[in-house]
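Read the structure below first, then the notes.
Bear in mind the structure is a predicted one, so any value in this text is a computation, not a measurement.
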Amino acid sequence: MAALTPNHQELAKQLAAQAAVKLVKHNDIVGLGTGSTASFALSALSDRLKDGLQVKGVPSSLQTEEQAKALGIPLLPLGEVGEIDISIDGADEFTEELQLLKGGGGALFREKIVASLSKNRIVVVDSSKKVSQLGAFKVPVELAPVACRYVLDQLATLGGKTQLRHKNDTLFVTDNQNYIADVDFGLIADPQALAIQLNQIEGVLAHGLFIGLATKVIMATGEELVVFEQDQKGS
Ligand code: 5RP
């Protein structure tokens, strides 16, 4: 697939996000993702609110919460919600089998909770995110600072080359006051098996492998939309 220019990529993100927001129904509880593509979905949702749609949003990060408040989207706190009707979030990589790699924006822990609570999980991407195998993008792993050394050693035992994430020369701290290790496992032959291994490390709060957590991926390639759904290769 030909690479998108930055302008086309922004348009594609917007198009995918707008298509996803059309799936939101009156009175839905909506999981609000994080990142530049999810941000377009927030704008499109606020446009629909102006047309009379009523929903409640559940933000997956402080950044998203701030944007949603500024756009006038009524919110429910993630920790108090038992079920979400539909969530809309981006991804850093996805495969046709709907395996995702997420967490580039550092919101993976709350994003995974939002996805886990959601009945309908919509992922919005431009075509640069489509891969045949996950792993060119490093796997973000959110870890408790108190377990930092232990977790880094365990990740190395699994064959990962780890790097603690920094921002402006200081350690990146998540909304949950944790650190993120970005882990290079190379191309991942069995993402589900690796996800299980990562889940078993004490001190790991979440990792960026989202397996079985997408209902539908809406991918825009410029002006065209391609939809990937469970048990379907694309339409
Ligand atoms: C944040 C995420 C984002 O969904 C992912 O990084 C994609 O972001 P963008 O839409 O800006 O490319 O997982 O933690």
Side-chain angles (χ1 to χ4, degrees), residues 31 33-35 37-38 58-64 78-79 81 84 87 89-118 121 123 125 128-215 217:
T34 298
T37 320
V58 183
S60 61
S61 64
L62 298 179
Q63 181 193 321
T64 294
L78 177 55
V81 171
I84 291 173
S87 58
D89 202 354
D92 298 296
E93 288 184 347
F94 81 98
T95 67
E96 288 189 357
E97 291 74 33
L98 306 195
Q99 299 167 329
L100 313 177
L101 215 170
K102 286 182 49 56
L108 60 155
F109 185 33
R110 296 188 192 197
E111 288 174 332
K112 202 170 248 186
I113 297 168
V114 166
S116 301
L117 285 166
S118 298
R121 302 141 173 166
V123 178
V125 287
S128 70
K129 307 294 181 68
K130 185 167 180 292
V131 296
S132 53
Q133 214 174 348
L134 301 180
F137 193 91
K138 292 178 190 150
V139 181
V141 174
E142 179 159 348
L143 56 97
V146 73
C148 188
R149 178 63 196 267
Y150 172 74
V151 172
L152 294 181
D153 287 349
Q154 294 298 307
L155 293 169
T157 306
L158 293 179
K161 290 193 195 104
T162 59
Q163 212 172 13
L164 276 179
R165 188 178 295 187
H166 285 69
K167 193 176 177 185
N168 304 329
D169 288 337
T170 51
L171 266 178
F172 178 84
V173 178
T174 69
D175 288 350
N176 319 300
Q177 304 305 312
N178 298 313
Y179 297 156
I180 290 187
D182 289 303
V183 193
D184 185 357
F185 288 105
L187 291 183
I188 302 166
D190 188 345
Q192 184 149 24
L194 179 59
I196 291 169
Q197 287 177 308
L198 295 174
N199 285 338
Q200 285 168 346
I201 303 175
E202 300 295 346
V204 166
L205 281 312
H207 55 76
L209 292 170
F210 282 47
I211 312 300
L213 286 176
T215 317
V217 175

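Remark: of the listed residues His207, Lys129, Glu93, Glu93 is the sole one forming a side chain to side chain contact (heavy atoms under 4.5 Å, CB included) with Leu101. Looking at Val151, Leu155, Asp182 one by one, the single match for side chain to side chain contact (heavy atoms under 4.5 Å, CB included) with Thr162 turns out to be Leu155.
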Practice item. Using the side-chain contact (heavy atoms from CB on, under 4.5 Å) rule, take Phe185 and Leu209 through it: C-alpha gap first, then chi angles, then the decisive distance, then the call. Key: CA-CA 12 Å; Phe185 288 105; Leu209 292 170; over 6 Å; no
Practice item. Quick one: do Leu164 and His166 satisfy side-chain contact (heavy atoms from CB on, under 4.5 Å)? Show the steps, please. Key: CA-CA 6 Å; Leu164 276 179; His166 285 69; 4.3 Å; yes
Review point. Yes or no on side-chain contact (heavy atoms from CB on, under 4.5 Å) for Phe109 and Thr174, after CA distance, side-chain angles and deciding distance?
Key: CA-CA 9 Å; Phe109 185 33; Thr174 69; over 6 Å; no
**Study point:** Test side-chain contact (heavy atoms from CB on, under 4.5 Å) applied to Leu134 and Thr95, step by step
**Key:** CA-CA 7 Å; Leu134 301 180; Thr95 67; 3.8 Å; yes
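Annotation: side chain to side chain contact (heavy atoms under 4.5 Å, CB included) contacts of Asp184 (sequence neighbours excluded): Lys138, Lys161. Every side chain to side chain contact (heavy atoms under 4.5 Å, CB included) that Ala38 has, sequence neighbours left out, goes to Asp89.
Shown here for Thr64 and Gly33, the closest heavy-atom pair between the two residues is OG1-O, 2.8 Å. The two residues Ser116 and Arg121 come nearest to each other via the heavy atoms O-NH2, 3.7 Å. Minimum heavy-atom separation, Leu100 to Ala214: CD1-CB, 4.1 Å. When all heavy atoms are compared, the tightest approach of Pro140 to Gly104 is CG-N, 4.3 Å. Here the closest non-hydrogen pair linking Pro145 and Asn178 is CD-OD1, 3.5 Å. Across all their heavy atoms, Lys102 and Ala91 have their closest contact at CG-CA, 3.9 Å.
To the nearest 0.5 angstrom, Leu108 atom CG is 11.5 Å from Ser61 atom OG. Between atom OG of residue Ser128 and atom CG of residue Asp92 there is a gap of 9.5 Å, rounded to the nearest 0.5 Å. To the nearest 0.5 angstrom, Leu143 atom CG is 13.0 Å from Arg149 atom CZ. Taken to the nearest 0.5 Å, the CG atom of Asp175 stands 11.0 Å off from the CG atom of Leu78. One distance of note links CD of Glu111 with CZ of Phe210; it measures 5.5 Å at 0.5 Å rounding. Atoms CD1 and CD, from Ile180 and Glu142 in turn, are 5.5 Å apart once rounded to the nearest 0.5 Å.
Ile188 is listed as a side-chain neighbour of Val139, based on a closest heavy-atom distance under 4.5 Å. Using a 4.5 Å heavy-atom threshold, the side chains of Leu213 and Lys112 count as touching. Counting heavy atoms from C-beta outward, Leu198 and Leu158 have side chains that approach closer than 4.5 Å. Taking 4.5 Å as the limit, every side-chain heavy atom of Gln192 sits out of range of all side-chain heavy atoms of Gln99.
Of the possible polar contacts, none joining the Ser87 side chain to the Ala115 backbone as a donor-acceptor pair under 3.5 Å is found.
Other residues, nucleotides and ligands place no more than 12 heavy atoms under 6.0 Å from the CD atom of Gln163.
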